[in-house]
Amino acid sequence: MIEAPCLKVSKAFGERAIRLVAKLNLLDRRLKVQSDGGYVYVPLLDEPSIHEKAELSNELKGLEIVKRLFPKRTKVVKAVDLAAELLPPRLLASFPRSIDFLGHIAIVEIPPELEEYKEVVGEVVLRAHKNVRTVLAKAGAVRGIYRLRNFEVIAGSDETETVHREFGCLYYLDPMRVYFSPRLSYEHYRVASQVREGETVIDMFAGVGPFSILTAKMLNLVRVYAIDINPDAVSYLKRNIVANRVEDKVVPILGDAGKVVAERLRGLADRVIMNLPERASEYIGAACEALKPRGGVIHYYEFASGDNPAKSVETRLKKIVAEQTNRRVSKVLASKIVREVAPYVWQIAVDLEVE
Ligand SMILES: C[S@@+](CC[C@H](N)C(=O)[O-])C[C@H]1O[C@@H](n2cnc3c(N)ncnc32)[C@H](O)[C@@H]1O
């Protein structure tokens with residue numbers, strides 16, 4: 001055991017704390033991150049400077065710097081080293097650099113030149129990541145109303161149902177049957193952390209609940225209506241509501257968000273979340289209808305390309321609100337690129353205040 005300074009944060013901030021500490025080059029990678037009760041302890045190379053502490057405190061509510069004994073990490077087998085043993089040298093540069101982890105599942109994209117070696121890639125990933133029991137290869141694009149992707153099991157067990165942890169919440173899900181992207185984890189947190197006590201939120205395209213459940217976990221007094229059209233997503237959503245003990249705050253609804261709003265949720269919301277980037281523009285009318293008469297906030301997502309994709313989404317959005325609804329955009333609270341989804345195509349987030 002080695003004594004080291006560390007960051008003590010509530011479990012809800014654990015993953016974010018590790019990422020921030022790594023970004024500040026303060027993470028002591030020789031030592032194992034630890035947790036007990038409701039806290040996570042992230043080992044540091046040194047006490048943070050005043051500026052570093054200010055940056056950390058900005059993002060992580062209630063953090064403390066304390067000293068603690070940490071066990072050493074066991075030596076990690078690196079995927080690239082294993083790949084070097086098992087793949088022809090000319091293919092090493094093509095080994096997938098980014099791997100998505102969903103609970104016990106690792107998801108990789110196999111480039112065409114590695115197609116005949118995909119089982120080897122799977123085996124390497126399995127051996128390099130001890131918590132992984134199933135390796136999936138993406139087999140096609142995300143498509144259809146339910147936003148699903150085909151996957152092929154390339155190594156490990158065929159079990160594709162898993163339980164994924166994000167910001168202290170548990171999500172049961174099967175990527176073969178529901179949409180979930182671990183690459184949106186910060187977006188889930190960014191939106192949830194803007195919700196205030198007493199608000200009513202409508203999550204129009206809720207999936208298995210990452211926006212809705214985190215929001216409910218972070219606030220005492222909130223009501224979230226979580227809608228999805230995919231019966232499997234709503235079935236996992238219900239299970240996740242129970243698993244995260246937010247039954248009294250989140251109302252799961254199966255159906256088309258446009259119809260559900262028109263029939264049951266008009267004029268109720270302080271805030272609407274619209275994470276259906278390829279078709280959200282068709283539902284702006286419904287989102288405006290869902291807001292309270294005095295208005296509220298819309299968190300809108302769209303895919304866009306071009307020189308200034310965030311600006312172009314913002315402009316189009318304002319125009320649609322002005323021309324197709326009886327509302328008006330009073331302020332653009334934020335507009336930013338969330339991630340690249342294809343070469344020169346980005347997912348854009350725009351937060352709007354609507355009167
Ligand atoms: C991109 S996923 C986002 C899921 C979730 N918000 C997340 O961040 O993981 C979009 C979801 O919208 C659902 N969906 C598509 N069309 C819908 C509609 N008309 N009404 C309600 N849900 C819909 C899909 O089934 C899918 O689960």
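Order of listing sets the numbers, starting from 1, for every ligand and every atom in it. Every heavy atom of this structure was used, including side-chain atoms; hydrogens, water molecules and symmetry mates were not.
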*Under 4.5 Å between any side-chain heavy atoms of L86 and V124, yes or no?*
yes

*Shortest protein contact, atom 27 (O) of ligand 1 (heavy atom only)*: D228 OD2, 2.7 Å

*Specify the protein heavy atom at minimum distance from atom 4 (C) of ligand 1: its residue, its atom name, and the distance to 0.1 Å.*
F205 O, 3.4 Å

*Sub-3.5 Å donor-acceptor pair from the side chain of R327 to the main-chain atoms of L291, do we have one?*
yes

*Output yes when the distance from some N or O of ligand 1 to some N or O of A257 is under 3.5 Å, and no in every other case.*
yes

*Would you tell me which option among A286, G144, A206, A280 has the nearest heavy-atom contact to atom 5 (C) of ligand 1?*
A206

*How far is atom 22 (N) of ligand 1 from its nearest protein heavy atom, and which residue and atom is that?*
I229 N, 3.2 Å

*Considering only heavy atoms of F211, which atoms of ligand 1 have at least one such atom less than 4.0 Å away?*
6 (N), 8 (O)

*What protein heavy atom is closest to atom 2 (S) of ligand 1, reported as residue, atom name and distance in Å?*
Y179 CD2, 3.4 Å

_Parallel, tilted or perpendicular, judged at 30° and 60°: which one describes the rings of H164 and F180?_
perpendicular

*Among D256, N275, I145, L276, whose heavy atom sits nearest atom 3 (C) of ligand 1?*
N275

_contact_flag G255 ligand 1 heavy-atom lt 4.0 Å_ = yes

*Give the numbers and elements of all ligand 1 atoms closer than 4.0 Å to a heavy atom of P210.*
7 (C), 8 (O), 9 (O)

*With a 3.5 Å cut-off and no angle check, do the side chains of E15 and Y189 form a donor-acceptor pair?*
no

*asked:* I'd like to know whether ligand 1 has H188 as a neighbour, heavy-atom separation below 4.0 Å.
replied: yes

*In terms of atom number and element, which parts of ligand 1 are under 4.0 angstrom from non-hydrogen atoms of M204?*
21 (C), 22 (N)

*Is R271 salt-bridged to D203, going by a charged N under 4.0 Å from an acidic O?*
no

*Answer yes if the side chains of S98 and R183 hold a donor-acceptor pair under 3.5 Å, and no otherwise.*
yes

*Report yes if I227 has an N/O atom closer than 3.5 Å to an N/O atom of ligand 1; otherwise report no.*
no

*For ligand 1, which atoms, with element, lie under 4.0 Å from some heavy atom of Y283?*
19 (N)

*Mutual orientation of the aromatic rings belonging to F211 and Y301 [parallel < 30°, tilted 30-60°, perpendicular > 60°]*: tilted

_Y41 six-ring face occupied by R68 cation (under 6.0 Å, within 45°)_ = yes

*Salt-bridge present (R133, D158; N to O < 4.0 Å)*: no

